[in-house]
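Remember, it's 1-based here, ligands and their atoms both numbered in the order they're listed. Keep in mind it's a predicted model, so treat the numbers as computed, not measured.
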Amino acid sequence: MSVAILDYGSQYSQLIARRVRELQVYCELFPWDAPAADVLAAHPCGIILSGGPASVYEEVAPTLPGYVLNSDLPVLGICYGMQLLAHALGGKVSPSSQHEYGSAEIELVKKNDLIPEEIHSVWMSHGDRVEQMPAGFTLLATSPTCPVVAMGDAARRFYGIQFHPEVLHTPHGERILQNFLYRICDCQPSWTAQSIITDAVERIREQVGRRRVLSAVSGGVDSSVATALVHQALGDQLEAVFVDTGLLRQGERESVQAALAPILGTHLHVVDASDTFLSALQDVSDPEEKRTIIGTTFIRVFEQQARRLGDLPFLVQGTIYPDVVESRAPERSHAQRIKSHHNVGGLPERMDFKIVEPLRYLFKDEVRAVGEALGLPAELIWRQPFPGPGLAVRCLGAITPERLAKLRAADAIFQQALREAGMIDRRTKEGETPIAQAFAALLPVRSVGVMGDQRTYQETIVLRAVTSQDFMTADWAHLPHDLLAAVSNRIVNEVQGVNRVVYDITSKPPATIEWE
Ligand code: XMP
């Protein structure tokens, strides 16, 4: 049982999909012009048309494919989706130079299956509006600035709403989507962590059969959950490799081992390659050079392990649904090469693996729910991301064991203070802007200080904490001064060779989150 969402380019398209999934109905996002056969392949029980930036009168405007109206399925058009529906069925959409953006008070004209009770406030973001409804439609809601806020044709089960039910600013938005799914499309709430697992296990078994699978775990949420899922499906056919690059945070290797060993047992292989990495990085301080060396060293180490473990034709990848959706619409993904991102756990291109992607259809919150259901510890599931090149990009200048030790100790003090204050590594509430990432970096800058009666001339630790939704942009976090003071005190007192602590107050852009 599923719903198809046709994406007309709204910034909220993925959010619609997440909301539908939260209502326990499986859905898939398709580009609006995807072939009908692809959209109908999963036998959807309804179609949602997303919003989008176009105007139905533009010459190259995205259109409503014929099968949408002919397939006898319920349709919900949101914003541009409603205008398309009106336009295609003979109504009138009028362009408007005035944009309506923000909360709007609306009036319910007729109670109906989609909006059975007064809802008052909704979130609008549109230019054009429906001036005249197509034949067969009834006016459901209106507002002083927008004559047709909601319209419906109950017989054909076609509905249109000008506002956005998927955003939190529409207080009853979830209820409206729920009504569309349960009352109008007749869906059942069947998409749960357990059903996702059952589904994924079946798919993995079908793809892999009795052959063996290799997985690279980084300790991050996605690779851990993907590995645990494959293990659930295949048991002893899986071998997982965790490479200790020598560039991990304090206690990281142990915590990854503690989280995964109970699940994977002797099939978890922890490889200490720190000497290999550190000698490859000797005397290197250029950021891009560091990344390249780490990337190639990782592949080399990984290949050695793959050979050692024998014939493993499949490789697990932790690709998640937003990656799949974004890569289909490259013009909308913000992929810009500011830094070469080498994801530890990334695919060695020269190796001849078939790929298993058990999270390919899941959003991050679903990945987390599955991880919990599979028994992975909460610290791992709610953990902040850590870059593939690890501490190398936080240890500016030369990478030596001594400098890494300083950095690790300072970072651990910062992490501990934030964790004790409940600011990181925890489940976040909807609408909250939590700290997305926090860390220490070591600068190759020495400054003069005084400790006791002694002059010091030592290096600097910079603390960085940011809030961010998507890591494409970020704001520096306004941490409490008392917390910063306590962390600074502890670092200069406890970490040898550091006599100054500063706090980074730049956002991204113009800075980036990591220092290199
Ligand atoms: P920047 O520094 O570009 O970071 O603002 C954005 C996000 O990406 C992470 N990051 C990386 N992740 N390999 C990764 O897997 C990398 O090479 C890498 N560089 C940055 C960074 O930690 C932040 O979450």
Carboxylate-amine/guanidinium proximity below 4.0 Å for Glu303 and Arg300: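 No, Glu303 and Arg300 are not salt-bridged.
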Would you say His481 has more than 12 foreign heavy atoms packed within less than 6.0 Å of its NE2?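 Open.
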Are more than 12 heavy atoms from other residues, nucleotides or ligands located less than 6.0 Å from atom CD of Glu174?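 Incorrect, the count does not exceed 12.
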Distance-only check: which donor-acceptor pairs under 3.5 Å involve side-chain atoms of residues 376-396, not counting sequence neighbours?
from	atom 1	to	atom 2	distance (Å)
Arg383	NH1	Gly219	O	2.4
Arg383	NH2	Glu252	OE2	2.6
Gln384	OE1	Ala438	N	2.8
Gln384	NE2	Gln415	OE1	2.9
Arg394	NE	Glu514	OE1	2.8
Arg394	NH2	Glu514	OE2	2.9

What do you reckon, does [X] have a nitrogen or oxygen under 3.5 Å from a nitrogen or oxygen of ligand 1?
{"X": "Pro385", "answer": "no"}
{"X": "Ile513", "answer": "yes"}
{"X": "Arg394", "answer": "no"}

Show which atoms of ligand 1 fall inside a sub-4.0 Å distance from at least one heavy-atom site of [X].
{"X": "Gly388", "value": "12 (N), 13 (N), 14 (C), 15 (O), 16 (C)"}
{"X": "Phe471", "value": "6 (C), 24 (O)"}
{"X": "Lys508", "value": "1 (P), 3 (O), 5 (O), 6 (C)"}
{"X": "Pro389", "value": "13 (N), 16 (C), 17 (O)"}
{"X": "Arg291", "value": "16 (C), 17 (O), 18 (C), 19 (N)"}
{"X": "Thr512", "value": "1 (P), 2 (O), 5 (O)"}

Residue of the set Ile413, Leu463, Leu479 for which side chain to side chain contact (heavy atoms under 4.5 Å, CB included) holds with Leu418: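 Exactly one candidate clears the test, Leu479.
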Mind checking whether Trp191 and Tyr26 have ring centres under 6.0 Å apart?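 So the answer is yes for these two rings.
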Salt bridge (charged side-chain N to carboxylate O under 4.0 Å, His left out) partners of Asp38, counting only residues at least two apart: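 For Asp38 there are no salt bridge (charged side-chain N to carboxylate O under 4.0 Å, His left out) partners, ignoring immediate neighbours.
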